[in-house]
Amino acid sequence: MFQQIARVPGDAILGLIDAYNQDTNPEKVDLGVGVYRDAQGNTPVLRSVKEAEARLLQQETTKSYIGSHGDPRYGEAVLALVLGEASPILAAGRASATQSPGGTGALRLAADFIKVNLPGKGIWLSDPTWPNHLGIFEAAGLKLNKYPYVNAANQLDFPAMLACLQQIPHGDVVLLHACCHNPSGFDLTREQWDQVLEVVKERELLPLVDFAYQGFGDGLDEDAYGVRLLAEHLDEMIITSSCSKNFGLYRERTGCLILIARNHEEMLNIRSQAAITARENYSNPPSHGGAIVSEILQSTELTQLWRDEVTEMRNRINGLRQDFVDALKPYGLSEQFAFIAEQRGMFSYTGLTPQQVDRLRDEYSIYMVRSGRANVAGMSTDRLDYIAKAIAAVVKQA
Ligand SMILES: Cc1ncc(COP(=O)(O)O)c(C=O)c1O
(Lines give C-alpha, C1' and ligand atoms only; values in the text may rest on other atoms or scores of the structure.)
Protein backbone atom coordinates (compact mmCIF):
# COMPACT_ATOMS: atom_id res chain seq x y z
CA MET A 1 0.00 0.00 0.00
CA PHE A 2 2.84 2.38 0.78
CA GLN A 3 4.22 2.26 -2.77
CA GLN A 4 1.60 4.75 -3.97
CA ILE A 5 2.53 7.40 -1.40
CA ALA A 6 4.46 10.30 -2.91
CA ARG A 7 7.44 11.98 -1.26
CA VAL A 8 6.74 15.63 -0.46
CA PRO A 9 9.32 18.43 -0.28
CA GLY A 10 10.60 18.99 3.26
CA ASP A 11 9.99 22.17 5.23
CA ALA A 12 11.73 25.07 3.44
CA ILE A 13 13.38 26.24 6.66
CA LEU A 14 14.69 22.79 7.55
CA GLY A 15 16.15 22.57 4.03
CA LEU A 16 17.84 25.88 4.68
CA ILE A 17 19.42 24.55 7.89
CA ASP A 18 20.87 21.59 5.98
CA ALA A 19 22.26 23.80 3.22
CA TYR A 20 23.76 26.17 5.80
CA ASN A 21 25.38 23.32 7.76
CA GLN A 22 26.94 21.92 4.59
CA ASP A 23 28.32 25.31 3.47
CA THR A 24 32.07 25.45 4.16
CA ASN A 25 32.42 29.22 3.64
CA PRO A 26 33.71 30.61 6.98
CA GLU A 27 31.86 33.87 6.26
CA LYS A 28 28.44 32.17 6.15
CA VAL A 29 25.49 33.84 7.89
CA ASP A 30 22.20 32.18 8.89
CA LEU A 31 19.23 34.56 8.75
CA GLY A 32 16.73 31.76 8.18
CA VAL A 33 15.83 29.83 11.29
CA GLY A 34 13.41 31.41 13.76
CA VAL A 35 15.40 31.24 16.98
CA TYR A 36 16.99 34.00 19.01
CA ARG A 37 20.78 34.17 18.87
CA ASP A 38 23.09 36.09 21.15
CA ALA A 39 26.12 38.11 20.04
CA GLN A 40 28.13 34.87 19.80
CA GLY A 41 25.53 33.27 17.55
CA ASN A 42 24.27 30.89 20.27
CA THR A 43 20.75 30.19 21.51
CA PRO A 44 21.61 29.81 25.18
CA VAL A 45 19.55 28.42 28.06
CA LEU A 46 18.42 31.46 30.08
CA ARG A 47 20.03 31.83 33.53
CA SER A 48 16.58 31.98 35.14
CA VAL A 49 15.68 28.70 33.41
CA LYS A 50 18.88 26.98 34.59
CA GLU A 51 18.21 28.07 38.16
CA ALA A 52 14.58 26.94 37.99
CA GLU A 53 15.71 23.56 36.63
CA ALA A 54 18.19 23.17 39.48
CA ARG A 55 15.37 23.79 41.96
CA LEU A 56 13.04 21.38 40.15
CA LEU A 57 15.65 18.66 40.25
CA GLN A 58 15.58 18.87 44.03
CA GLN A 59 11.81 19.16 44.39
CA GLU A 60 10.33 16.88 41.76
CA THR A 61 8.79 13.78 43.30
CA THR A 62 6.83 12.18 40.46
CA LYS A 63 6.64 11.72 36.72
CA SER A 64 2.97 10.81 36.83
CA TYR A 65 0.53 12.34 34.30
CA ILE A 66 -0.32 16.01 34.79
CA GLY A 67 -3.81 15.91 33.26
CA SER A 68 -5.18 17.25 29.98
CA HIS A 69 -5.12 20.90 31.11
CA GLY A 70 -1.57 20.54 32.43
CA ASP A 71 -0.24 22.05 35.63
CA PRO A 72 -2.79 24.49 37.12
CA ARG A 73 0.05 26.63 38.52
CA TYR A 74 1.39 27.06 35.00
CA GLY A 75 -2.08 27.96 33.71
CA GLU A 76 -2.51 30.63 36.39
CA ALA A 77 0.95 32.06 35.76
CA VAL A 78 0.39 32.31 32.00
CA LEU A 79 -3.07 33.86 32.41
CA ALA A 80 -1.57 36.59 34.63
CA LEU A 81 1.31 37.16 32.22
CA VAL A 82 -0.94 37.42 29.17
CA LEU A 83 -4.00 39.20 30.56
CA GLY A 84 -2.31 41.14 33.38
CA GLU A 85 -2.41 40.22 37.05
CA ALA A 86 -5.20 42.66 37.82
CA SER A 87 -7.42 41.64 34.91
CA PRO A 88 -11.11 41.56 35.91
CA ILE A 89 -11.49 38.56 33.58
CA LEU A 90 -9.40 36.50 35.99
CA ALA A 91 -11.36 37.70 39.02
CA ALA A 92 -14.60 36.76 37.24
CA GLY A 93 -13.31 33.28 36.43
CA ARG A 94 -13.99 33.81 32.71
CA ALA A 95 -10.61 32.55 31.42
CA SER A 96 -9.46 28.97 31.00
CA ALA A 97 -5.85 27.88 30.45
CA THR A 98 -4.82 24.57 28.87
CA GLN A 99 -1.11 23.84 28.83
CA SER A 100 -0.05 22.70 25.37
CA PRO A 101 2.97 21.35 23.49
CA GLY A 102 4.23 24.77 22.36
CA GLY A 103 2.32 27.55 20.68
CA THR A 104 1.87 25.19 17.76
CA GLY A 105 0.05 22.71 19.99
CA ALA A 106 -2.16 25.52 21.29
CA LEU A 107 -2.99 26.55 17.72
CA ARG A 108 -3.94 22.99 16.82
CA LEU A 109 -6.13 22.77 19.94
CA ALA A 110 -7.78 26.05 18.92
CA ALA A 111 -8.31 24.75 15.39
CA ASP A 112 -9.92 21.50 16.57
CA PHE A 113 -11.96 23.37 19.17
CA ILE A 114 -13.37 25.64 16.44
CA LYS A 115 -14.01 22.78 14.03
CA VAL A 116 -15.92 20.73 16.60
CA ASN A 117 -17.74 23.42 18.53
CA LEU A 118 -18.33 26.17 15.97
CA PRO A 119 -19.28 24.18 12.87
CA GLY A 120 -19.23 26.05 9.59
CA LYS A 121 -17.10 28.93 10.86
CA GLY A 122 -14.24 29.96 8.57
CA ILE A 123 -10.92 31.38 9.69
CA TRP A 124 -9.23 34.51 8.32
CA LEU A 125 -5.45 34.78 8.26
CA SER A 126 -3.22 37.72 7.44
CA ASP A 127 -1.56 37.68 4.03
CA PRO A 128 1.25 36.86 4.61
CA THR A 129 1.22 34.85 7.82
CA TRP A 130 3.41 32.25 9.53
CA PRO A 131 3.22 29.42 6.94
CA ASN A 132 2.42 26.83 9.59
CA HIS A 133 -0.87 28.61 10.32
CA LEU A 134 -2.10 27.45 6.91
CA GLY A 135 -1.09 23.84 7.56
CA ILE A 136 -2.52 23.70 11.07
CA PHE A 137 -5.94 25.10 10.25
CA GLU A 138 -6.23 23.18 7.01
CA ALA A 139 -5.33 19.93 8.76
CA ALA A 140 -8.15 20.57 11.23
CA GLY A 141 -10.56 20.92 8.30
CA LEU A 142 -11.30 24.64 8.62
CA LYS A 143 -12.05 26.84 5.63
CA LEU A 144 -9.12 29.24 5.20
CA ASN A 145 -9.46 32.82 4.02
CA LYS A 146 -6.96 35.66 3.79
CA TYR A 147 -7.09 39.33 4.70
CA PRO A 148 -4.50 41.70 3.21
CA TYR A 149 -1.67 42.79 5.51
CA VAL A 150 1.48 43.67 3.53
CA ASN A 151 1.14 45.30 0.11
CA ALA A 152 3.27 44.89 -3.02
CA ALA A 153 5.41 47.87 -1.94
CA ASN A 154 6.32 45.95 1.24
CA GLN A 155 4.29 48.19 3.58
CA LEU A 156 1.65 47.40 6.16
CA ASP A 157 -1.65 47.99 4.33
CA PHE A 158 -3.94 48.70 7.27
CA PRO A 159 -6.77 50.31 5.27
CA ALA A 160 -6.99 47.19 3.07
CA MET A 161 -6.90 44.95 6.15
CA LEU A 162 -9.70 46.88 7.83
CA ALA A 163 -11.82 47.03 4.68
CA CYS A 164 -11.54 43.25 4.37
CA LEU A 165 -12.41 42.62 8.02
CA GLN A 166 -15.54 44.73 7.50
CA GLN A 167 -16.72 42.20 4.89
CA ILE A 168 -16.10 39.03 6.90
CA PRO A 169 -19.21 36.93 7.60
CA HIS A 170 -20.60 37.39 11.11
CA GLY A 171 -19.16 34.94 13.58
CA ASP A 172 -16.11 33.91 11.56
CA VAL A 173 -12.77 33.61 13.31
CA VAL A 174 -10.04 36.16 12.63
CA LEU A 175 -6.47 35.29 13.53
CA LEU A 176 -4.39 38.27 14.67
CA HIS A 177 -0.70 38.33 15.59
CA ALA A 178 -0.44 40.00 19.00
CA CYS A 179 3.00 41.46 18.28
CA CYS A 180 6.16 40.81 16.26
CA HIS A 181 4.21 39.72 13.20
CA ASN A 182 5.81 36.68 11.62
CA PRO A 183 6.98 36.91 8.84
CA SER A 184 6.70 40.64 8.14
CA GLY A 185 7.76 42.38 11.39
CA PHE A 186 4.98 44.96 10.86
CA ASP A 187 2.83 45.43 13.97
CA LEU A 188 -0.40 47.35 14.49
CA THR A 189 -0.23 50.63 16.41
CA ARG A 190 -2.49 51.13 19.42
CA GLU A 191 -4.84 53.25 17.33
CA GLN A 192 -5.04 50.51 14.72
CA TRP A 193 -5.83 47.90 17.40
CA ASP A 194 -8.62 50.22 18.62
CA GLN A 195 -10.06 50.23 15.10
CA VAL A 196 -9.76 46.45 14.78
CA LEU A 197 -11.71 46.09 18.03
CA GLU A 198 -14.55 48.22 16.62
CA VAL A 199 -14.82 46.06 13.50
CA VAL A 200 -14.62 42.83 15.50
CA LYS A 201 -17.50 44.07 17.68
CA GLU A 202 -19.54 45.30 14.73
CA ARG A 203 -19.17 42.05 12.75
CA GLU A 204 -19.36 39.87 15.88
CA LEU A 205 -16.15 38.12 14.88
CA LEU A 206 -14.28 35.73 17.14
CA PRO A 207 -10.64 36.82 17.52
CA LEU A 208 -7.94 34.21 17.85
CA VAL A 209 -4.80 36.03 18.91
CA ASP A 210 -1.49 34.26 18.40
CA PHE A 211 0.92 35.51 21.08
CA ALA A 212 4.24 33.82 20.33
CA TYR A 213 6.63 36.71 21.04
CA GLN A 214 5.48 38.42 24.25
CA GLY A 215 8.37 40.63 25.40
CA PHE A 216 10.28 40.61 22.11
CA GLY A 217 8.65 43.76 20.67
CA ASP A 218 8.40 46.69 23.11
CA GLY A 219 7.99 44.98 26.51
CA LEU A 220 6.03 42.23 28.26
CA ASP A 221 3.07 44.50 29.04
CA GLU A 222 3.43 46.77 26.00
CA ASP A 223 3.25 43.78 23.64
CA ALA A 224 0.01 42.66 25.29
CA TYR A 225 -1.84 45.87 24.39
CA GLY A 226 -3.93 44.37 21.59
CA VAL A 227 -4.65 41.11 23.44
CA ARG A 228 -5.75 42.91 26.60
CA LEU A 229 -7.79 45.49 24.71
CA LEU A 230 -9.82 42.78 22.96
CA ALA A 231 -10.12 40.70 26.13
CA GLU A 232 -11.38 43.68 28.08
CA HIS A 233 -14.04 44.68 25.56
CA LEU A 234 -15.26 41.37 24.18
CA ASP A 235 -17.26 38.55 25.71
CA GLU A 236 -15.38 35.78 23.97
CA MET A 237 -11.98 35.20 22.46
CA ILE A 238 -9.21 32.66 21.99
CA ILE A 239 -5.51 33.27 22.69
CA THR A 240 -2.60 30.95 21.93
CA SER A 241 0.52 31.72 23.90
CA SER A 242 4.04 30.35 23.57
CA CYS A 243 6.98 30.27 25.98
CA SER A 244 9.35 29.09 23.25
CA LYS A 245 10.90 32.48 22.53
CA ASN A 246 10.53 34.57 25.68
CA PHE A 247 11.68 31.74 28.00
CA GLY A 248 13.98 30.23 25.36
CA LEU A 249 12.19 26.89 25.88
CA TYR A 250 11.87 25.99 22.19
CA ARG A 251 12.45 22.24 22.49
CA GLU A 252 10.56 21.83 25.75
CA ARG A 253 7.30 22.51 23.87
CA THR A 254 5.63 24.92 26.25
CA GLY A 255 2.52 26.80 25.24
CA CYS A 256 -1.03 27.51 26.36
CA LEU A 257 -4.52 27.67 24.91
CA ILE A 258 -6.53 30.42 26.61
CA LEU A 259 -10.29 30.49 26.14
CA ILE A 260 -12.35 33.43 27.39
CA ALA A 261 -16.11 33.10 27.85
CA ARG A 262 -18.97 35.43 28.83
CA ASN A 263 -19.16 34.05 32.35
CA HIS A 264 -17.74 31.40 34.64
CA GLU A 265 -20.33 28.74 33.76
CA GLU A 266 -19.73 29.06 30.02
CA MET A 267 -16.00 29.05 30.65
CA LEU A 268 -16.35 25.67 32.37
CA ASN A 269 -18.31 24.37 29.38
CA ILE A 270 -15.74 25.34 26.77
CA ARG A 271 -12.91 24.29 29.08
CA SER A 272 -14.36 20.79 29.21
CA GLN A 273 -14.27 20.73 25.40
CA ALA A 274 -10.61 21.84 25.37
CA ALA A 275 -9.77 18.90 27.64
CA ILE A 276 -11.36 16.47 25.20
CA THR A 277 -9.48 18.02 22.28
CA ALA A 278 -6.19 17.73 24.16
CA ARG A 279 -6.95 14.17 25.19
CA GLU A 280 -7.72 13.11 21.63
CA ASN A 281 -4.53 14.72 20.30
CA TYR A 282 -1.86 13.78 22.84
CA SER A 283 -3.64 13.13 26.14
CA ASN A 284 -1.36 15.18 28.44
CA PRO A 285 1.10 17.95 27.57
CA PRO A 286 4.82 17.55 28.33
CA SER A 287 5.49 18.77 31.84
CA HIS A 288 9.03 20.07 32.11
CA GLY A 289 8.74 23.43 30.31
CA GLY A 290 5.59 24.38 32.17
CA ALA A 291 7.18 23.44 35.49
CA ILE A 292 10.12 25.75 34.70
CA VAL A 293 7.82 28.64 33.81
CA SER A 294 5.76 28.22 37.02
CA GLU A 295 8.92 27.94 39.10
CA ILE A 296 10.24 31.20 37.63
CA LEU A 297 6.98 33.12 37.86
CA GLN A 298 6.33 32.04 41.45
CA SER A 299 9.67 33.37 42.64
CA THR A 300 10.13 37.14 42.86
CA GLU A 301 13.87 36.72 42.45
CA LEU A 302 13.67 34.44 39.40
CA THR A 303 10.93 36.57 37.83
CA GLN A 304 13.19 39.61 38.06
CA LEU A 305 16.11 37.71 36.55
CA TRP A 306 13.89 36.42 33.73
CA ARG A 307 12.43 39.89 33.03
CA ASP A 308 16.00 41.24 32.77
CA GLU A 309 16.91 38.47 30.35
CA VAL A 310 13.86 39.19 28.17
CA THR A 311 14.84 42.87 28.15
CA GLU A 312 18.37 41.90 27.14
CA MET A 313 17.09 39.80 24.20
CA ARG A 314 14.66 42.52 23.10
CA ASN A 315 17.26 45.28 23.31
CA ARG A 316 19.70 43.24 21.30
CA ILE A 317 17.19 42.65 18.49
CA ASN A 318 15.99 46.26 18.39
CA GLY A 319 19.57 47.54 18.57
CA LEU A 320 20.56 45.29 15.67
CA ARG A 321 17.67 46.60 13.61
CA GLN A 322 18.99 50.16 13.92
CA ASP A 323 22.63 49.09 13.48
CA PHE A 324 21.72 47.21 10.32
CA VAL A 325 20.04 50.26 8.80
CA ASP A 326 23.14 52.30 9.77
CA ALA A 327 25.40 49.69 8.14
CA LEU A 328 23.48 50.18 4.87
CA LYS A 329 24.19 53.93 4.91
CA PRO A 330 27.59 53.81 3.13
CA TYR A 331 25.86 51.92 0.30
CA GLY A 332 23.14 54.54 -0.10
CA LEU A 333 20.45 52.06 1.06
CA SER A 334 19.61 53.27 4.56
CA GLU A 335 16.46 55.10 3.44
CA GLN A 336 15.23 52.21 1.31
CA PHE A 337 15.54 49.88 4.30
CA ALA A 338 14.69 52.39 7.08
CA PHE A 339 11.50 50.42 7.82
CA ILE A 340 13.60 47.61 9.33
CA ALA A 341 14.35 49.77 12.37
CA GLU A 342 10.61 50.40 12.84
CA GLN A 343 9.58 46.75 12.62
CA ARG A 344 9.42 44.57 15.70
CA GLY A 345 10.35 41.03 16.66
CA MET A 346 12.92 38.71 15.20
CA PHE A 347 11.73 38.88 11.61
CA SER A 348 11.72 41.41 8.82
CA TYR A 349 10.33 41.25 5.37
CA THR A 350 13.33 42.75 3.60
CA GLY A 351 11.55 43.19 0.29
CA LEU A 352 14.35 41.21 -1.43
CA THR A 353 13.14 39.11 -4.36
CA PRO A 354 13.59 35.30 -4.47
CA GLN A 355 16.30 35.84 -7.11
CA GLN A 356 18.16 38.26 -4.84
CA VAL A 357 17.83 35.82 -1.93
CA ASP A 358 19.28 33.06 -4.15
CA ARG A 359 22.23 35.26 -5.08
CA LEU A 360 22.90 36.09 -1.42
CA ARG A 361 23.03 32.36 -0.73
CA ASP A 362 25.06 31.34 -3.79
CA GLU A 363 27.54 34.21 -3.87
CA TYR A 364 27.81 35.30 -0.22
CA SER A 365 26.65 32.29 1.83
CA ILE A 366 23.92 34.41 3.43
CA TYR A 367 20.88 32.22 4.05
CA MET A 368 17.30 33.44 4.35
CA VAL A 369 13.83 32.26 3.34
CA ARG A 370 12.99 32.92 -0.33
CA SER A 371 10.09 35.17 0.66
CA GLY A 372 12.79 37.65 1.73
CA ARG A 373 12.12 37.11 5.44
CA ALA A 374 15.26 37.61 7.49
CA ASN A 375 15.82 36.70 11.14
CA VAL A 376 17.39 39.88 12.47
CA ALA A 377 18.58 38.02 15.58
CA GLY A 378 20.76 35.90 13.26
CA MET A 379 22.93 38.96 12.58
CA SER A 380 25.90 39.89 14.72
CA THR A 381 27.46 43.32 15.00
CA ASP A 382 30.75 42.28 13.41
CA ARG A 383 28.98 40.79 10.36
CA LEU A 384 26.69 43.74 9.62
CA ASP A 385 29.03 45.30 7.07
CA TYR A 386 29.46 41.97 5.25
CA ILE A 387 25.67 41.55 5.07
CA ALA A 388 25.10 45.18 4.03
CA LYS A 389 27.74 44.98 1.29
CA ALA A 390 26.24 41.75 -0.08
CA ILE A 391 22.72 43.17 -0.06
CA ALA A 392 23.95 46.30 -1.83
CA ALA A 393 25.57 44.13 -4.48
CA VAL A 394 22.46 42.08 -5.22
CA VAL A 395 20.07 45.03 -5.02
CA LYS A 396 22.12 47.24 -7.31
CA GLN A 397 22.82 44.61 -9.92
CA ALA A 398 19.25 43.41 -10.05
C1 LIG B 1 3.58 33.31 14.68
C2 LIG B 1 3.97 32.10 15.43
N3 LIG B 1 3.03 31.43 16.12
C4 LIG B 1 3.32 30.34 16.81
C5 LIG B 1 4.59 29.84 16.85
C6 LIG B 1 4.78 28.57 17.64
O7 LIG B 1 5.91 28.38 18.32
P8 LIG B 1 6.17 27.09 19.21
O9 LIG B 1 5.28 26.01 18.77
O10 LIG B 1 7.59 26.79 19.01
O11 LIG B 1 5.86 27.53 20.62
C12 LIG B 1 5.61 30.48 16.15
C13 LIG B 1 6.99 29.96 16.13
O14 LIG B 1 7.82 30.26 15.33
C15 LIG B 1 5.29 31.65 15.42
O16 LIG B 1 6.21 32.32 14.74
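Both ligands and their constituent atoms are indexed starting at 1 by order of listing. All values below come from the heavy atoms of this structure, side chains included, with hydrogens, waters and symmetry mates left out. By convention here, the first residue in the shown sequence is residue 1. Nothing here was measured: the structure is a model prediction, and the numbers come from that model.
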Closest by any non-hydrogen atom to atom 5 (C) of ligand 1: pick that one out of Phe211, Phe347, Trp130, Tyr250.
Trp130
Kindly identify the option in Asp210, Ile136, Leu249 whose heavy atom sits closest to atom 1 (C) of ligand 1.
Asp210
Heavy-atom check, side chain of Leu107 versus side chain of Phe137, under 4.5 Å
yes
Note, Leu234 side chain near Lys201 side chain (heavy atom, < 4.5 Å):
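In short, these two side chains touch, coming nearer than 4.5 Å.
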Under 4.0 Å between heavy atoms, the region of Asn182 that gets near ligand 1 turns out to be side chain
Anything under 30° is parallel, anything over 60° is perpendicular, the rest tilted; go ahead and classify [X] against [Y].
{"X": "Tyr36", "Y": "Phe216", "value": "perpendicular"}
{"X": "His133", "Y": "Trp130", "value": "perpendicular"}
{"X": "Tyr20", "Y": "Tyr367", "value": "perpendicular"}

Assess whether a salt bridge exists between Asp38 and Arg316, defined as any Lys/Arg side-chain N lying under 4.0 Å from an Asp/Glu carboxylate O.
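Between Arg316 and Asp38 there is no salt bridge, as every charged N stays at least 4.0 Å from the carboxylate O atoms.
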Please determine if Lys389 and Glu27 form a salt bridge, counting it only when a charged side-chain N lies under 4.0 Å from a carboxylate O.
no
Can you tell me the protein heavy atom closest to atom 9 (O) of ligand 1 and the distance?
Thr104 OG1, 2.5 Å
Looking at [X], which atoms of ligand 1 are within less than 4.0 Å of one of its heavy atoms?
{"X": "Lys245", "answer": "13 (C), 14 (O)"}
{"X": "Ala212", "answer": "2 (C), 3 (N), 4 (C), 5 (C), 15 (C)"}
{"X": "Ser244", "answer": "8 (P), 10 (O), 11 (O)"}
{"X": "Gly102", "answer": "9 (O), 11 (O)"}

Check for me whether Tyr213 has a heavy atom closer than 4.0 Å to any atom of ligand 1.
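Within the 4.0 Å threshold, so yes.
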Judging by distance only, is a nitrogen or oxygen of Gly103 under 3.5 angstrom from one on ligand 1?
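The answer is yes, given that Gly103 and ligand 1 share an N or O pair closer than 3.5 Å.
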